[in-house]
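Heads up: the structure comes next, in structure tokens.
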Amino acid sequence: MPIPYKTRRRLALFVLVVGLPAYIVVAVSAVAWAEARWGVLPWWGSVLVYVGLGFLWIAPMKPVFIGVGKPDPDAQPPEQK
């Protein structure tokens, strides 16, 4: 069952305003924990980890963001003057 357009817009805004900052805090904390446990990665290793984590949040959120920037497909067409 597809998510209605208005719900997707609201959910996308919520994810960007609340979810993404929370994910960033969790990701940085997880990397800091891993570095404290196993040692500091070389600079290129850290870049790869952060780039990977940067793309990781996109996968489950892709259906929410598809079509959000387009006009509402269920809206009434504007009246012609």
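- Taking the side chain as every heavy atom from C-beta outward, L56 and Y23 approach each other to under 4.5 Å.
- Residues I58 and F65 fail the side-chain proximity criterion, which asks for heavy atoms closer than 4.5 Å.
- Under the 4.5 Å side-chain contact rule for hydrophobic residues, L53 and L16 share a cluster.
- Hydrophobic clustering (ILVMFWY, side-chain heavy atoms < 4.5 Å, transitive): V64 and V17 are in distinct clusters.
- Residues V40 and W44 fall into different hydrophobic clusters, defined by Ile, Leu, Val, Met, Phe, Trp and Tyr side chains chained together at heavy-atom separations under 4.5 Å.
- P63 has its side chain out of reach of R8: every pair of non-hydrogen atoms, C-beta onward, lies at least 4.5 Å apart.
- When atom types are taken as modelled, the side chain of Y50 and the backbone of V31 share no donor-acceptor pair closer than 3.5 angstrom.
- Between the side chain of W57 and the backbone N or O of G54, at least one donor-acceptor pair lies under 3.5 Å.
- Dense packing is recorded around CH2 of W38, with more than 12 heavy atoms of other residues, nucleotides or ligands lying under 6.0 Å away.
- Across every non-hydrogen atom of V25 and S29, the tightest pair is O-OG, 2.8 Å.
- In this structure, Y5 contributes its side chain and P73 its backbone to no donor-acceptor pair below 3.5 Å.
- With rounding to the nearest 0.5 Å, the separation of CZ in F14 from CG in L20 is 12.0 Å.
- L41 and V47 fall within a single hydrophobic cluster, where Ile, Leu, Val, Met, Phe, Trp and Tyr side chains are chained together by heavy-atom contacts under 4.5 Å.
- There is no path of hydrophobic side-chain contacts, each under 4.5 Å, that joins V28 to W33.
- The number of heavy atoms from other shown groups lying within 6.0 Å of CH2 (W43) does not exceed 12.
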